[in-house]
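A note on names: the letters A, B, ... follow the listed sequences, proteins ahead of strands, and every chain is numbered from 1. Since the model is a prediction, treat every value here as computed from it, not as a measurement.
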Protein chains: 2
Amino acid sequence: MAERRHDPQRRDRIIDSALAVIAGNGVAGTTHRKVAQHADVPLGSMTYHFTDMDELLLEAFTRYADRIFQRYSERVLAAHSIDDLIGAVADLVHRDLVQSPEDLVLSLELYTLAARQPEFRRITHRWMRNSRSALERFVDSETAFDLDALIEGLFIHTSLDQTARPRADTERAVRRLLT
Amino acid sequence: MAERRHDPQRRDRIIDSALAVIAGNGVAGTTHRKVAQHADVPLGSMTYHFTDMDELLLEAFTRYADRIFQRYSERVLAAHSIDDLIGAVADLVHRDLVQSPEDLVLSLELYTLAARQPEFRRITHRWMRNSRSALERFVDSETAFDLDALIEGLFIHTSLDQTARPRADTERAVRRLLT
DNA sequence: TAGCTATGTGTACGATTGTACTTATGATCG
DNA sequence: CGATCATAAGTACAATCGTACACATAGCTA
């Protein structure tokens, strides 16, 4: 038998590896074996730390949503005026999101799961609620919903479209919505 | 051997069955056998009519995108004024899209594939281009991009959120964006 | 320190899958 | 009307998967 390792953060590493494998292969192409290999862990560890594939996916996407929201709220809460907010949104759409295509894949994979399974919808629920309440420091709750939706749509369409969308266009659109 | 059937539209039926199975089980849970069963067709027919699982998915989502765009453009092109357009968009978000949760699942599954595979991105490309050019009957192309993105975001967030979003809010948001 | 428990490791197994392949048959057209 | 070929049907097979399980060992606690 190979050398046994003391590895206290193994569970954490498996979760991060799961996100990496999902980003590369999609949920459909994610297997215990691929995640185990990426985490440099024997197959047996998978069933020890996670009873289910679903449990692994659930924890992975929970971590992902928290991570993305943190970046989101950092940008948004750093603003001190509506003009700042418009710039922050443009940063989100044109800098953060586009720079890492991984995030597009992972977000869409999560939405796809959420559309069919209530457990995952709880993750997106919390995510959306958090995002909106960050925006509500600047606008009323109805407008926060609209703005969050616009950011979502711009993110997806800008990422999928691939043709460089001018940042000024995004700023103009956000400004209009906030009027 | 069972009775042989003359079945000229079998290929078509398989494609529609694929969409039904995807809506119910996701792309990840879609197998040749499930699609064959739904289409009431022997397993052998799958590899005869489609060389690949990918070919089947590609044809299925191509059909789906065309179908959705047709409904979309019917709504949009029936409008004769900006006010009409605002109502048409509200219809899209609050009537068409929410009424069939299937469409949410299928759209997200398609986006998910498009995020990782260029073949599927060609489908979403064409879809978005078509949608925008319908909108360009009423607004300039930059605004068409924004509006299409807003519709997308509202569709996803309204569907996933589940809390009844007032139609008036959507109309107000669209009106702001078109100012 | 003794022993117990949490953690790590290797492997086996039944189920399911995509796909290929053989054979059969009916529609079509010269 | 007969031959040909596109289509239909059934089955086989290797690969891969999730999961279970038996066994080993290190760290903690009493």
Side-chain angles (χ1 to χ4, degrees), chain A residues 1-63 109 112-113 116-117 119-120, chain B residues 1-63 109 112-113 116-117 119-120:
Chain A
M1 198 171 289
E3 198 171 343
R4 178 197 171 84
R5 290 183 308 164
H6 180 47
D7 192 357
Q9 337 173 6
R10 171 169 296 197
R11 206 184 129 91
D12 267 2
R13 204 170 64 253
I14 291 176
I15 294 175
D16 282 332
S17 292
L19 287 174
V21 172
I22 294 168
N25 306 83
V27 168
T30 297
T31 68
H32 279 142
R33 285 169 175 83
K34 282 182 194 160
V35 176
Q37 189 172 14
H38 188 281
D40 189 26
V41 142
L43 178 61
S45 278
M46 301 300 296
T47 54
Y48 176 74
H49 286 285
F50 304 90
T51 62
D52 231 22
M53 187 66 175
D54 254 34
E55 184 184 319
L56 175 58
L57 292 178
L58 219 50
E59 295 218 29
F61 279 115
T62 299
R63 175 171 299 187
E109 293 278 358
T112 299
L113 293 177
R116 268 182 308 106
Q117 301 177 351
E119 315 99 83
F120 291 92
Chain B
M1 198 172 288
E3 197 172 343
R4 180 195 169 85
R5 290 183 308 164
H6 180 47
D7 193 359
Q9 338 174 6
R10 171 169 295 198
R11 206 183 129 92
D12 267 2
R13 205 171 61 254
I14 292 176
I15 294 175
D16 282 331
S17 291
L19 287 174
V21 172
I22 294 167
N25 306 85
V27 168
T30 297
T31 68
H32 279 142
R33 284 170 176 82
K34 282 182 195 161
V35 176
Q37 189 173 13
H38 188 282
D40 189 27
V41 143
L43 178 61
S45 278
M46 301 300 296
T47 54
Y48 176 75
H49 287 285
F50 304 90
T51 62
D52 232 18
M53 187 65 176
D54 254 35
E55 184 184 319
L56 174 59
L57 292 178
L58 220 49
E59 295 218 30
F61 279 114
T62 299
R63 175 171 299 187
E109 293 278 357
T112 299
L113 293 176
R116 267 182 309 105
Q117 301 177 351
E119 316 99 83
F120 291 92

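- Surrounding CD of A:E119 are more than 12 heavy atoms belonging to other residues, nucleotides or ligands, all under 6.0 Å away.
- Of the candidate nucleotides C:dG8, D:dC17, C:dT17, C:dG8 has the atom lying nearest to any side-chain atom of A:R10.
- Using a 4.5 Å heavy-atom threshold, the side chains of B:V27 and B:T112 count as separate.
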Distances for protein N or O near nucleotides 27-29 of chain D N or O, under 3.5 Å:
none

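- For A:H32, taking side-chain heavy atoms from C-beta onward, the closest of the listed nucleotides D:dG18, C:dT11, D:dC17 is D:dG18.
- When the P atom of D:dA6 is taken as reference, atom CG of B:D7 falls 18 Å away, rounded to whole Å.
- Remark: the B:R33 side chain and the C:dG18 base include a donor-acceptor N/O pair separated by less than 3.5 Å.
- Remark: P of C:dG8 and CZ of A:R11 are 11 Å apart, rounded to the nearest angstrom.
- Protein atom CZ of A:F50 is 14 Å distant from nucleotide atom P of D:dG18, rounded to whole Å.
- Using a 4.5 Å heavy-atom threshold, the side chains of A:L57 and A:I22 count as touching.
- If you measure from atom CE of A:M46 to atom P of D:dC17, you get 12 Å, rounded to the nearest angstrom.
- In this structure the side chain of B:R63 reaches within 4.5 angstrom of the side chain of B:D12, judged on heavy atoms.
- Listed candidates were D:dA8, C:dT9, D:dT19. Nearest to the side chain of B:Y48 is D:dA8.
- The NE2 atom of B:H49 sits 16 Å away from the P atom of C:dA20 (whole-angstrom rounding).
- The CD atom of A:Q9 sits 14 Å away from the P atom of C:dT7 (whole-angstrom rounding).
- With values rounded to the nearest 0.5 angstrom, A:F61 atom CZ is found 12.5 Å from A:I15 atom CD1.
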Step by step, work out the side chain to side chain contact (heavy atoms under 4.5 Å, CB included) result for A:E59 and A:I14. CA-CA 10 Å; A:E59 295 218 29; A:I14 291 176; over 6 Å; no

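- Distances were taken from every side-chain heavy atom of B:L43 (C-beta onward) to each of D:dT11, D:dA8, C:dT9; the shortest belongs to D:dT11.
- The side chain of A:T47 has D:dT19 as its nearest neighbour among C:dT17, D:dT11, D:dT19.
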For A:D40 and A:R13, what are the C-alpha separation, side-chain angles and deciding distance, and is it a salt bridge (Lys or Arg N to Asp or Glu O under 4.0 Å)? CA-CA 9 Å; A:D40 189 26; A:R13 204 170 64 253; 5.8 Å; no

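- Nucleic acid contact for A:T30: sugar-phosphate only, since backbone atoms but no base atoms lie under 4.0 Å from a heavy atom of the residue.
- Side-chain proximity of A:T31 to D:dT7, C:dG10, D:dC17: nearest is D:dC17.
- For the pair A:R5 CZ and D:dA24 C1', the interatomic distance rounds to 16 Å; values are reported in whole Å.
- In this structure, CD of B:E55 is placed 14 Å from C1' of C:dG18, rounded to the nearest angstrom.
- Listed candidates were C:dT17, D:dA9, D:dG18. Nearest to the side chain of B:P42 is D:dA9.
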